[in-house]
Amino acid sequence: MRLGLALGYWGRGPDPRHLDLAREAERLGYHSVWTAEAWGSDAFTPLTWIAAHTSRIRLGTAVAQMAARSPAATAMHALTLDHLSGGRLLLGLGLSGPQVVEGWYGRPFPDSPLTATREYVDVVRQVLRRRAPVTLEGRHHALPYRGPGATGLGRPLRPITHPLRPDLPVLLGAEGPRNVAQTARIADGWLPLYWSPLRTDLHAEALAAAPPGFLVAPLVRARVCADVAEGLLPVKAMLGFYIGGMGHARRNFHADLMARMGYGEEAGRVRELFLAGRREEAVAAVPDAFADEISLVGPRGRIAERLELWRAGPVTDLLVTAPDPETLRVLADLV
């Protein structure tokens with residue numbers, strides 16, 4: 001099980017600690033460093049900055065949002081950064097939800113998310129392989145475009161730039177069982193948002209078709225501290241926001257996932273409180289047990305013991321969100 005550093009996306013502004021954390025992770029032997037995007041900072045620019053200040057650590061997006069760019073544009077980002085970094089990119093993609101896709105990117109949320117994802121990955125793969133001009137008779141991503149308003153002048157193209165790695169790894173963020181199963185068929189890896197080493201059977205059927213070498217790379221918040229309850233507070237704050245705020249009362253993929261993991265009633269309560277504007281109560285309503293089983297928090301000995309549970313399952317890469325270099329060092333020693 002390899003270690004990765006998950007930096008996420010910026011808040012109000014750039015975090016001055018991120019570059020130092022990435023350099024420290026490289027020094028400690030971490031395999032990868034990952035950035036993200038929501039509706040603020042993008043995923044590729046900070047990763048490019050980190051690439052310029054490191055030399056070995058792999059560079060991943062967890063995740064770049066599909067609605068933010070056409071698949072060809074995403075492939076251009078990927079092949080460019082892969083060249084500049086000497087072949088270190090891991091391309092993680094995610095569909096996001098209707099609130100972000102329609103509210104931020106101004107695009108309709110696809111009526112068939114699995115088809116849209118499959119077509120997107122198909123175009124990205126075609127660009128990176130550069131075997132022929134890119135074409136797709138797609139429902140969501142047709143190349144050339146022949147839909148309403150088309151001039152009829154579009155023609156298939158192949159990238160001018162030769163990609164450094166035609167087999168650049170593509171990973172997908174997926175939550176629903178059918179989405180995870182498709183990910184195992186069409187991608188090189190999966191980026192679970194919430195992973196519990198106590199519930200690996202939840203995904204066993206979906207991952208059954210995964211090929212050899214398939215990556216399972218969950219994000220996990222980690223903190224070495226004496227007080228477990230205190231250490232879980234940032235985890236609960238994150239969950240309160242995602243379960244309550246990253247979705248609609250009628251459609252929230254994160255709340256649905258929490259329910260499938262055995263916390264349906266609690267997810268409903270968190271969402272109800274958050275949408276009512278009672279955010280502190282929503283965070284407090286997140287069960288400590290749920291926050292604990294998807295994170296690594298507490299004294300060194302407790303983290304070492306719990307790491308054995310993570311090793312026993314299919315996880316290949318542990319993408320750690322850690323607030324301090326000391327936690328990164330402890331995990332490097334233990335893993």
Side-chain angles (χ1 to χ4, degrees), residues 1-36 41 43 46-47 49-50 53-54 56-63 90 92 191-198 215-242 283 286-313 315-335:
M1 189 172 66
R2 302 178 299 196
L3 287 174
L5 169 65
L7 296 174
Y9 46 77
W10 296 351
R12 176 174 294 185
D15 191 323
R17 303 172 298 173
H18 279 184
L19 183 56
D20 288 340
L21 285 172
R23 286 169 160 169
E24 179 66 2
E26 180 174 71
R27 188 189 70 79
L28 291 169
Y30 277 58
H31 175 261
S32 55
V33 57
W34 301 74
T35 57
S41 61
L47 209 58
W49 183 252
I50 292 169
H53 292 83
T54 56
R56 301 182 309 280
I57 197 166
R58 303 298 195 278
L59 310 156
T61 56
V63 294
L90 300 160
L191 296 161
L193 182 59
Y194 311 138
W195 177 271
S196 169
L198 305 176
L215 305 179
V216 177
L219 283 79
V220 56
R221 291 191 173 236
R223 184 182 176 189
V224 177
C225 59
D227 189 327
V228 174
E230 181 185 353
L232 288 175
L233 288 177
V235 184
K236 295 180 64 169
M238 176 273 294
L239 288 169
F241 175 67
Y242 273 77
V283 171
V286 175
D288 283 5
F290 180 59
D292 194 28
E293 70 180 84
I294 65 169
S295 61
L296 287 166
V297 170
R300 178 187 173 112
R302 184 176 193 266
I303 290 177
E305 180 180 337
R306 294 173 67 83
L307 268 171
E308 294 308 309
L309 297 173
W310 294 78
R311 291 181 196 273
V315 172
T316 61
D317 296 78
L318 201 63
L319 310 188
V320 178
T321 299
D324 60 275
E326 177 59 24
T327 296
L328 294 183
R329 287 191 283 269
V330 168
L331 287 170
D333 287 345
L334 294 175
V335 173

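From a predicted model like this one, the values you see are computed outputs, not experimental measurements.
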Residues two or more places apart in sequence or in another chain: which of them pass salt bridge (charged side-chain N to carboxylate O under 4.0 Å, His left out) with D324?
none
Contacts of type side chain to side chain donor-acceptor pair (under 3.5 Å), residue R56, not counting sequence neighbours
none
side-chain contact (heavy atoms from CB on, under 4.5 Å) partner of V320, chosen from L3, L5, V335
L3
Check: T54 and V33 side chains under 4.5 Å, non-hydrogen atoms:
no
OG1 (T316) and CE (M1) are apart, to the nearest 0.5 Å, by 9.5 Å
Atom pair CG/OH of L328 and Y30 - distance to nearest 0.5 Å
4.0 Å
So which atom in P323 and which in A222 form the shortest heavy-atom distance, rounded to 0.1 Å?
CD-O, 3.3 Å
Within the structure provided, determine whether L7 and D15 are in side-chain contact (heavy-atom separation under 4.5 Å).
no
Roughly how far, to the nearest 0.5 Å, is CH2 of W34 from CG of L191?
5.5 Å
Enumerate the residue pairs fulfilling salt bridge (charged side-chain N to carboxylate O under 4.0 Å, His left out) with a member in residues 295-307, sequence neighbours excluded, ordered by first and then second residue.
D292-R302, D292-R306, R300-D333
Hey, does the side chain of Y242 reach the backbone of L193 with a donor-acceptor pair shorter than 3.5 angstrom?
no
One should read off an interatomic distance between Y194 OH and F290 CZ, to the nearest 0.5 angstrom, of 6.5 Å
Output yes when a side-chain donor or acceptor of S196 lies under 3.5 Å from a complementary backbone atom of I294, and no otherwise.
no
Ignoring hydrogens, what is the shortest heavy-atom contact between C225 and G231? Give both atom names and the distance.
SG-CA, 3.8 Å
How far does CG of L90 sit from OG1 of T61, to the nearest 0.5 angstrom?
8.0 Å
When you compare the side chain of L19 with that of P46, does any pair of heavy atoms fall below 4.5 Å?
no
Over all atoms of both residues, closest heavy-atom pair of V216 and P192
CG1-CG, 4.3 Å
Flag, side chain of E26 to backbone of I57, donor-acceptor distance under 3.5 Å
yes
Note: L334 and L307 closest approach over all heavy atoms is CB-CD1, 3.7 Å
Testing the basics here: between P218 and W195, what is the closest heavy-atom pair and its distance to 0.1 Å?
CB-CB, 3.4 Å
Any salt bridge (charged side-chain N to carboxylate O under 4.0 Å, His left out) involving residues 220-237? Give me the pairs, sequence neighbours left out, ordered by first then second residue.
K236-D288
About how many Å separate OG1 of T327 and CD1 of I303, when rounded to the nearest 0.5 Å?
6.5 Å
Kindly state each residue pair satisfying salt bridge (charged side-chain N to carboxylate O under 4.0 Å, His left out) with at least one member in residues 3-12, sequence neighbours excluded.
none
Ignoring hydrogens and angles, tell me if any N or O in the side chain of S41 forms a donor-acceptor pair with the backbone of W10 under 3.5 Å.
yes
Over 12 foreign heavy atoms within 6.0 Å of CH2, W310
yes
Work out which heavy atom in V286 is nearest to a heavy atom in G240; give both atom names and the distance.
CG2-N, 3.9 Å
For H18, side chain to side chain donor-acceptor pair (under 3.5 Å) partners two or more places apart
none
